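What follows is a single structure, written as structure tokens, with notes after it.
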Amino acid sequence: MSSPSSSRLRIVRGDITKLPVAAIVNAANSSLLGGGGVDGAIHRAAGPQLLAECQRIRARQGGCKTGEAVITTGGQLPAAHVIHTVGPVWNGGHKGEPELLANCYRNSLRLALEHQLPSVAFPGISTGIYGYPKGEAAVIAVREAQQWLASHEYPHEIVLVAFDAETQQLYEQQIA
Ligand code: ADP
């Protein structure tokens, strides 16, 4: 029997590349070839093996569509795996952005379930360069995490990583 879903969701402030979880999620772009923000930080910390694995996935399936997710190993990261998902670019909110962002969380969590990963940490997907309003993104992140935990055994724990104080506060408000 798994523990109640409330104790399985954690908010952590800091750098996602340092977390010793089974998988960290990367806010990638559809090329899977790396970029700025958290994507750049993850590739730098993981080392060249990560790009090589992403290139193999690209050769096989031609990148990753918005809302979808793929999994690689973690290279030199403390996390054994990286789940790469492509968030929507914010375009005013009426171009399917909320559903696409929810899909990022669901498809990443589905990969964690398929690989029976005990713990997964998410950055604020789309809330940097892609311009998704942080408050609206926090509502979706917390809702999707809670809904998943209520009906799935894996991952046992979901960590929402806040890179700044504002995001931390937004997550904590949603959970309260
Ligand atoms: P996107 O292109 O999906 O918007 P970004 O990488 O620009 O992705 O930003 C996504 C979120 O990740 C932002 O809220 C940003 O503050 C945060 N972020 C950037 N670097 C890190 C890091 N090392 N650890 C955790 N979060 C990070």
Side-chain angles (χ1 to χ4, degrees), residues 9-48 50-51 54 57-58 63-72 74-93 95-109 111-112 117 119-145 155 157-175:
L9 178 58
R10 219 159 37 101
I11 309 303
V12 166
R13 169 97 181 269
D15 179 353
I16 200 167
T17 66
K18 306 272 195 267
L19 293 186
V21 286
I24 63 171
V25 176
N26 182 16
N29 59 55
S30 57
S31 77
L32 295 177
L33 295 180
V38 73
D39 194 5
I42 289 172
H43 275 275
R44 277 193 299 278
L50 199 64
L51 182 59
C54 287
I57 293 171
R58 227 177 108 80
C64 184
K65 294 198 185 90
T66 304
E68 295 185 356
V70 300
I71 188 167
T72 64
Q76 292 161 30
L77 289 166
H81 294 87
V82 177
I83 295 170
H84 307 258
T85 189
V86 182
V89 175
W90 179 257
N91 228 313
K95 300 258 162 65
E97 296 93 330
E99 191 56 28
L100 289 167
L101 186 60
N103 287 347
C104 289
Y105 285 90
R106 290 179 204 151
N107 287 324
S108 297
L109 290 165
L111 280 175
L117 303 179
S119 52
V120 178
F122 285 89
I125 297 161
S126 285
T127 64
I129 298 158
Y130 282 3
Y132 209 109
K134 288 177 193 283
E136 293 179 43
V139 171
I140 292 172
V142 170
R143 183 193 71 209
E144 292 304 321
E157 180 184 57
I158 297 175
V159 183
L160 297 178
V161 181
F163 202 49
D164 53 57
E166 183 195 358
T167 303
Q168 182 179 19
Q169 207 179 16
L170 288 164
Y171 283 149
E172 281 167 359
Q173 277 167 6
Q174 284 309 310
I175 286 178

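One-based numbering, in listed order, for ligands and for the atoms of each. Because the structure is a prediction, the values reported are computed rather than measured.
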>> Looking at every non-hydrogen atom in both residues, tell me the closest pair between A45 and Q76 and how far apart they are.
In response: O-CB, 3.8 Å

From [atom1] ([X]) to [atom2] ([Y]), nearest 0.5 Å:
X: E157; Y: L9; atom1: CD; atom2: CG; result: 8.5 Å
X: C64; Y: N26; atom1: SG; atom2: CG; result: 10.0 Å
X: L117; Y: S108; atom1: CG; atom2: OG; result: 11.0 Å
X: L160; Y: L170; atom1: CG; atom2: CG; result: 12.0 Å

Check: [X] N/O within less than 3.5 Å of ligand 1 N/O:
X: T17; value: no
X: G37; value: no
X: I129; value: yes
X: A27; value: no

>> Using a 3.5 Å distance criterion without hydrogens, assess whether the side chain of T85 forms a donor-acceptor pair with backbone atoms of E68.
In response: yes

> So, does S119 use its side chain to make a donor-acceptor pair with the main chain of A22 at under 3.5 Å?
Replying inline: yes

> Hey, does G87 sit under 4.0 Å from ligand 1 if you only count heavy atoms?
Replying inline: no

Starting from [atom], what is the nearest protein heavy atom, named by residue and atom, and what distance separates them?
atom: atom 24 (N) of ligand 1; value: I16 N, 2.9 Å
atom: atom 27 (C) of ligand 1; value: F163 CG, 3.4 Å
atom: atom 23 (N) of ligand 1; value: D15 OD1, 2.9 Å
atom: atom 14 (O) of ligand 1; value: T127 OG1, 2.6 Å
atom: atom 3 (O) of ligand 1; value: S126 N, 2.9 Å
atom: atom 6 (O) of ligand 1; value: V38 N, 2.8 Å

> So which pairs with a foot in residues 158-172 pass salt bridge (Lys or Arg N to Asp or Glu O under 4.0 Å), sequence neighbours left out?
Replying inline: K134-D164

>> If you take the nearest heavy atom of each of G124, A162, P123, which one is closest to atom 10 (C) of ligand 1?
In response: G124

> Among all residues two or more places apart in sequence or in another chain, which pass the side chain to side chain donor-acceptor pair (under 3.5 Å) test with E144?
Replying inline: R106

>> Under a 4.0 angstrom heavy-atom cut-off, which atoms of ligand 1 come close to G14?
In response: 24 (N), 25 (C)

